[in-house]
Amino acid sequence: MTNLHLWKQNLQTLLAEFQEQANLSKDDLLVIGCSTSEVIGERIGTSGTDEVAEMIFKELSHLKEETGIQLAFQCCEHLNRALVMEKKAAHFYEKVTVIPVRKAGGAMATYAFQHMEEPVVVEHIKADAGIDIGDTFIGMHLKHVAVPLRSKIKSIGEAHVTMAKTRPKLIGGARAIYEHTHENTSCH
């Protein structure tokens, strides 16, 4: 992994830009989709690597420590894109029984499961934001409405990266008000 140091630097820059735009805070939930195979330039699901998973997990753990957010790591399609997360963050979600492994879960989710304090696997979440490394399709685990975020870092290794935050839906039509003021609290 001769490029691991460069990939780490790129990920650090990407995470700083992500947090600047997403502005996540304590207990917000960040979903991570990651193909370590794609990072090293191989086809998704074919060449998972613990070294890349370890580097990404450690950098995301730093973000978690700095912000107080919770992390959820998406498994591969063989586990129906279930998610690995800390038990204390999963109290709203229905847990499932499975232990991710590289051939059924993927290297990233497997590494996360092995290195979290009290990992559990859940089937579905509604995350506040997401980072997708290698086009793993995390959209099914984001709250509505997803808002794309941009970074000068477009890839980690060979893996294309996309990012999103979410915002509450704007509802109500033409008469709706979206900013709270004392004048607009009554309805006639």
Side-chain angles (χ1 to χ4, degrees), residues 4-36 38-39 48-76 79 81-96 99-100 105-134 136-143 146-153 155-157 159 161-167:
L4 202 57
H5 182 71
L6 174 62
W7 300 341
K8 178 180 176 179
Q9 289 177 324
N10 286 344
L11 182 58
Q12 289 169 342
T13 300
L14 181 123
L15 291 177
E17 291 181 7
F18 169 80
Q19 178 57 11
E20 186 177 301
Q21 296 174 65
N23 196 29
L24 297 180
S25 58
K26 186 173 177 5
D27 295 326
D28 283 346
L29 184 56
L30 172 62
V31 61
I32 305 298
C34 178
S35 168
T36 60
E38 291 279 332
V39 172
T49 163
D50 291 338
E51 293 84 5
V52 172
E54 177 183 16
M55 180 272 295
I56 292 170
F57 184 83
K58 285 182 177 180
E59 292 307 315
L60 287 163
S61 294
H62 293 314
L63 179 65
K64 179 182 176 183
E65 290 168 15
E66 292 169 5
T67 61
I69 64 171
Q70 297 298 322
L71 301 172
F73 291 88
Q74 180 179 270
C75 296
C76 74
L79 296 185
R81 304 204 193 290
L83 302 120
V84 176
M85 57 193 307
E86 292 285 2
K87 183 178 181 180
K88 66 183 176 189
H91 55 275
F92 293 119
Y93 302 108
E94 186 174 348
K95 295 164 196 67
V96 293
I99 296 173
M108 188 74 248
T110 299
Y111 189 91
F113 191 89
Q114 293 169 347
H115 291 87
M116 286 182 164
E117 290 178 28
E118 202 172 356
V120 296
V121 179
V122 300
E123 263 190 302
H124 305 285
I125 63 170
K126 291 294 182 187
D128 299 292
I131 299 174
D132 191 333
I133 303 169
T136 66
F137 296 114
I138 60 169
M140 65 191 283
H141 296 303
L142 290 172
K143 290 178 180 175
V147 178
L149 301 177
R150 302 288 185 243
S151 170
K152 66 182 174 189
I153 304 296
S155 62
I156 301 299
V161 177
T162 56
M163 307 180 303
K165 65 180 181 178
T166 62
R167 66 158 175 79

* **Side-chain touch Tyr93/Leu29, heavy atoms, less than 4.5 angstrom** => yes

* Asked: Under the side chain to side chain contact (heavy atoms under 4.5 Å, CB included) criterion, do Leu79 and Val96 qualify, and how do the steps go?
  -> CA-CA 10 Å; Leu79 296 185; Val96 293; over 6 Å; no

* Asked: Is Phe57 close to Leu71 at the side-chain level, that is, under 4.5 Å between some pair of heavy atoms?
  -> no

* Within the side chain of Gln74, is there an N or O that forms a donor-acceptor pair under 3.5 Å with the backbone of Val31? -> no

* **Contact check, side chains of Leu14 and Ile131, non-hydrogen atoms, under 4.5 Å** => yes

* Pairwise distance CD(Gln19) to CD(Glu66) - rounded to 0.5 angstrom -> 8.5 Å

* Distance (rounded to the nearest 0.5 Å) between Trp7 CH2 and Glu59 CD -> 14.5 Å

* Between Ala22 and Leu149, what is the shortest heavy-atom contact and its length? -> CB-CD1, 3.9 Å

* Let me see the working for His5 and Gln9 under side chain to side chain contact (heavy atoms under 4.5 Å, CB included), right down to the final yes or no. => CA-CA 6 Å; His5 182 71; Gln9 289 177 324; 3.3 Å; yes

* Without swapping roles, check the side chain of His62 against the backbone of Gln12 for a donor-acceptor pair under 3.5 Å. => no

* For atom NZ of Lys95, decide whether the heavy atoms of other residues, nucleotides or ligands shown that lie under 6.0 angstrom number more than 12. => yes

* Structure fact -> d(His141 NE2, Ile32 CD1) to nearest 0.5 Å is 12.5 Å

* Asked: Nearest 0.5 Å, what's the CG-NZ distance between Asp27 and Lys88?
  -> 8.5 Å

* Asked: When rounded to the nearest 0.5 angstrom, what distance separates CG in Leu24 from CD in Gln70?
  -> 11.5 Å

* Asked: Would a distance-only check, ignoring hydrogens and angles, find a side-chain to backbone donor-acceptor pair under 3.5 Å from Glu86 to Glu117?
  -> yes

* Side-chain contact test, heavy atoms from C-beta onward, threshold under 4.5 Å: evaluate it for Leu60 versus Ile56 and give yes or no. => yes

* To do: State whether the number of non-hydrogen atoms from other residues, nucleotides or ligands found under 6.0 Å of Lys58 atom NZ is greater than 12.
  => no

* To do: Could you tell me which residues satisfy side-chain hydrogen bond (donor to acceptor under 3.5 Å, both in side chains) with Ser151, sequence neighbours excluded, listed by chain and number?
  => Glu17

* Name of the residue among Val161, Leu15, Ile156 meeting side-chain contact (heavy atoms from CB on, under 4.5 Å) with Asn10 -> Ile156

* Asked: For Ala129 and Phe18, which heavy atoms make the closest approach, and how far apart are they?
  -> CB-CZ, 3.7 Å

* Minimal non-hydrogen separation, Ala127 against Thr166, with atom names -> O-CG2, 3.8 Å

* Looking only at atom types and distance, does a side-chain atom of Thr136 sit under 3.5 Å from a main-chain N or O of Asp132, one as donor and one as acceptor? -> no

* Within a radius of less than 6.0 Å around NZ of Lys8, do more than 12 heavy atoms belonging to other residues, nucleotides or ligands occur? -> no

* Residues forming a salt bridge (Lys or Arg N to Asp or Glu O under 4.0 Å) with Glu123, sequence neighbours excluded -> none

* Hey, could you give me the CZ/SG distance between Arg81 and Cys75, rounded to the nearest 0.5 Å? => 10.0 Å

* Asked: Do the side chains of Met108 and Ile133 get nearer than 4.5 Å, heavy atoms only?
  -> no

* To do: Specify the closest pair of heavy atoms between Pro100 and Gly105, including all atoms of both residues, with the distance to one decimal.
  => CB-CA, 4.2 Å

* Closest non-hydrogen atom pair between Ala164 and Ala146, with its separation -> CB-CB, 4.5 Å

* Going by an N to O cut-off under 4.0 Å, is there a salt bridge joining Asp128 and Lys165? -> no

* Asked: Are Thr162 and Pro148 side-chain neighbours, meaning at least one heavy-atom pair lies under 4.5 Å?
  -> no

* Structure fact -> Heavy atoms of Ala72 and Leu83 approach each other most closely as CB-CD2, 4.2 Å

* Phe73-Tyr111 aromatic ring centre distance below 6.0 Å -> no

